[in-house]
Amino acid sequence: MKIAPCRQFSGEFIIPGDKSITHRAVMFNAAAEGEALVTNALLGEDCLSTASCMRALGAEVAVEGNCIRVKGTRRFRSADLYCGNSGTTMRLLMGLVSGRGVNARLTGDDSLSRRPMERVAAPLRILGADIRTQNGCAPVEIVAARLCGARVDTKVASAQVKSAVILAALGATGETLVHEDIKTRDHTERMLAAMGADIRVAGTDVFVGESELTAMDVEVPGDISSAAYFLALGALRGEVLCKNVGVNPTRTGILEAFSRMNVRYSLENERTVCGEPVADIRVRKSDLKAIELSREIMPALIDELPVIALLCAFAEGESRITGAEELKVKESDRIRTTAELINGLGGDCTPTDDGFIIRGRESLRGGSVQPHGDHRIAMSGAIGLAASERGGEIFGAECADISFPNFYEMLCAHFFF
Ligand code: S3P
């Protein structure tokens, strides 16, 4: 995929549905009594992996346009579950399946098979799950077991780990308390509460009792993690309005980073849709300043860090990002692949054990981008090339389909040369 440099980037965008919320809407409705329609669903490969796993477990899941119709089942059947590239599918299903008294074997592609799964299996065992990993990774084997509520303190700030324990707790006798030190995204808690689960949130504690779920239609807001690429290019090259974007406070770390970087942005048309805050986000071309970001903010912007780091490469001064070691266990080692991306375009980024040091430049030369199969590196690369002097090419650019089908078409349609 060749990306030409663009002088100006302006336009209005309707951002595809949120990946985290689509996964949950399909998965939870597939485990509920009744039928539901998920509208504005993201039909990226990851969410389709969730859909096919839920079919294998016995639910009816049908794609209709950009909606997904789900007819749930309270009784899963034992199954082999192929999760593709999707960490959310595998980790949330480890919890959900453990609480349902069936056997399952979960596998994934090469990238997913290298990612840590003991972080989920270990807390599930505290509830009594019979679950095995291989050297800490997939394949994951689950054998039917009775679960009992317990207190679980999560060891990593991960919404996937928290969600897995909450989902297992729905099928456990007695109460479970999940405690995390830093609050992570809370889409699971919001959606389960709306579907009738016995769940209560008190700060960073979540209390869950044994529950049955009732199907619920979900209108999925646009994904702020997908909007991030257009917003970033808007800050460098023009004016951008991203419409209908989820602005759940556990996801808006990028807006806090924008404020600190001097990016001119505003939220318009703020409202609540299906229990999730939603707004239109406008960004205007800005003079960027270097920033420091540390551990507490990481869960709220973890998926946006590659593109935020790229913006830092255009900011005045030296930016420091720390406490971001979770990046090493994403679809690629994003500390390494983000630094390689920025340096490959002519920037100056030093990877560290837990983040980056980025010395900003007025412009980047351009060049080639190797995403290593990682959708967020490919899309960040496209933004870097568009904002560079000469542009360049992305190898294996199609991995963007994991979370954002039609990304390049939407992007390039708004270039002015
Ligand atoms: C997700 C949580 C985050 C995020 C991932 C989606 C979710 O992962 O990086 O893209 O839907 O719960 P962790 O919870 O492992 O940090």
Side-chain angles (χ1 to χ4, degrees), residues 16-31 38 41-57 59 61 68 70 81-98 104 106-109 111-121 123-124 133 137-138 140 142 154 156-168 178 180 184-192 218 220-221 223-226 246 248 250-251 276 299-304 326-327 329-332 334 373-376 399-405:
D18 187 277
K19 182 153 85 75
S20 292
I21 296 176
T22 303
H23 278 301
R24 288 161 171 81
V26 172
M27 200 180 280
F28 303 172
N29 274 307
V38 182
L42 175 67
L43 299 180
E45 287 168 18
D46 271 7
C47 297
L48 297 178
S49 292
T50 289
S52 74
C53 288
M54 300 325 288
R55 274 187 215 111
L57 286 164
V61 184
I68 303 180
V70 185
L81 303 170
Y82 179 67
C83 304
N85 190 247
S86 177
T88 309
T89 307
M90 185 171 284
R91 295 196 175 118
L92 269 57
L93 277 179
M94 285 168 70
L96 184 62
V97 168
S98 291
L106 294 89
T107 54
D109 70 5
S111 153
L112 185 56
S113 302
R114 285 193 296 270
R115 296 177 64 190
M117 294 301 149
E118 260 314 300
R119 56 173 54 199
V120 185
L124 292 176
T133 60
C137 298
V140 177
I142 298 171
T154 59
V156 275
S158 162
Q160 295 179 352
V161 174
K162 173 179 67 175
S163 298
V165 178
I166 292 172
L167 291 168
V178 192
E180 46 183 8
T184 60
R185 66 188 67 185
D186 64 359
H187 308 301
T188 297
E189 296 90 307
R190 287 174 189 249
M191 201 179 290
L192 289 178
V218 177
V220 181
D223 197 327
I224 193 165
S225 302
S226 299
N248 178 316
T250 60
R251 295 286 300 280
E276 289 280 349
L301 48 63
I302 190 76
D303 292 336
E304 292 69 75
E326 274 298 299
L327 288 180
V329 291
K330 295 296 177 188
E331 287 82 331
S332 67
R334 287 186 183 154
D374 186 332
H375 55 130
R376 303 214 184 273
C399 60
D401 289 351
I402 290 286
S403 63
F404 200 153

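Worth knowing before you read on, the calculation uses all heavy atoms, side chains too, and leaves out hydrogens, waters and symmetry mates.
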Sub-4.5 Å side-chain heavy-atom contact between [X] and [Y]:
{"X": "Ile68", "Y": "Met54", "result": "no"}
{"X": "Met117", "Y": "Leu112", "result": "yes"}
{"X": "Thr50", "Y": "Thr88", "result": "no"}
{"X": "Phe28", "Y": "Thr188", "result": "yes"}
{"X": "Val218", "Y": "Val26", "result": "no"}
{"X": "Pro16", "Y": "Pro405", "result": "no"}
{"X": "Val120", "Y": "Met90", "result": "no"}

Which heavy-atom pair separates [X] from [Y] by the least distance, and what is that distance?
{"X": "Ser52", "Y": "Tyr82", "result": "OG-O, 4.5 Å"}
{"X": "Val38", "Y": "Val220", "result": "CG1-CG2, 3.6 Å"}
{"X": "Val165", "Y": "Pro123", "result": "CG2-CB, 3.8 Å"}
{"X": "Thr184", "Y": "Pro299", "result": "CG2-CB, 4.0 Å"}
{"X": "Leu124", "Y": "Ser98", "result": "CD1-OG, 4.0 Å"}
{"X": "Leu81", "Y": "Cys53", "result": "CD2-O, 3.5 Å"}

Could you tell me whether a side-chain N or O of [X] sits under 3.5 Å from a main-chain N or O of [Y], the two making a donor and an acceptor?
{"X": "Asp18", "Y": "Ile21", "value": "yes"}
{"X": "Arg185", "Y": "Arg251", "value": "no"}
{"X": "Asn29", "Y": "Val70", "value": "no"}
{"X": "Thr22", "Y": "Leu42", "value": "yes"}
{"X": "Arg115", "Y": "Val329", "value": "yes"}
{"X": "Ser113", "Y": "Gly108", "value": "yes"}

Report the distance from atom [atom1] of [X] to atom [atom2] of [Y], rounding to the nearest 0.5 Å.
{"X": "Leu48", "Y": "Ile402", "atom1": "CG", "atom2": "CD1", "value": "9.5 Å"}
{"X": "Leu327", "Y": "Asp303", "atom1": "CG", "atom2": "CG", "value": "9.0 Å"}
{"X": "Cys137", "Y": "Arg114", "atom1": "SG", "atom2": "CZ", "value": "9.5 Å"}
{"X": "Met27", "Y": "His23", "atom1": "CE", "atom2": "NE2", "value": "7.0 Å"}
{"X": "Glu45", "Y": "Asp109", "atom1": "CD", "atom2": "CG", "value": "9.5 Å"}
{"X": "Leu301", "Y": "Ile224", "atom1": "CG", "atom2": "CD1", "value": "10.0 Å"}

| request: Please assess Glu331 against Ser111 for the test side chain to side chain donor-acceptor pair (under 3.5 Å), listing each intermediate value before the final yes or no. | output: CA-CA 6 Å; Glu331 287 82 331; Ser111 153; over 6 Å; no

| field | Worked verdict on His187 versus Ser163 for side chain to side chain contact (heavy atoms under 4.5 Å, CB included) | value | CA-CA 9 Å; His187 308 301; Ser163 298; over 6 Å; no

| request: Please lay out, stage by stage, how Leu92 and Arg24 fare under the test side chain to side chain contact (heavy atoms under 4.5 Å, CB included). | output: CA-CA 9 Å; Leu92 269 57; Arg24 288 161 171 81; 4.0 Å; yes

| Can Ile166 and Val178 be said to form a side chain to side chain contact (heavy atoms under 4.5 Å, CB included), step by step? | CA-CA 7 Å; Ile166 292 172; Val178 192; 4.1 Å; yes

| task | Mind running side chain to side chain contact (heavy atoms under 4.5 Å, CB included) on Ser403 and Asp223 for me, showing each step along the way? | result | CA-CA 9 Å; Ser403 63; Asp223 197 327; over 6 Å; no

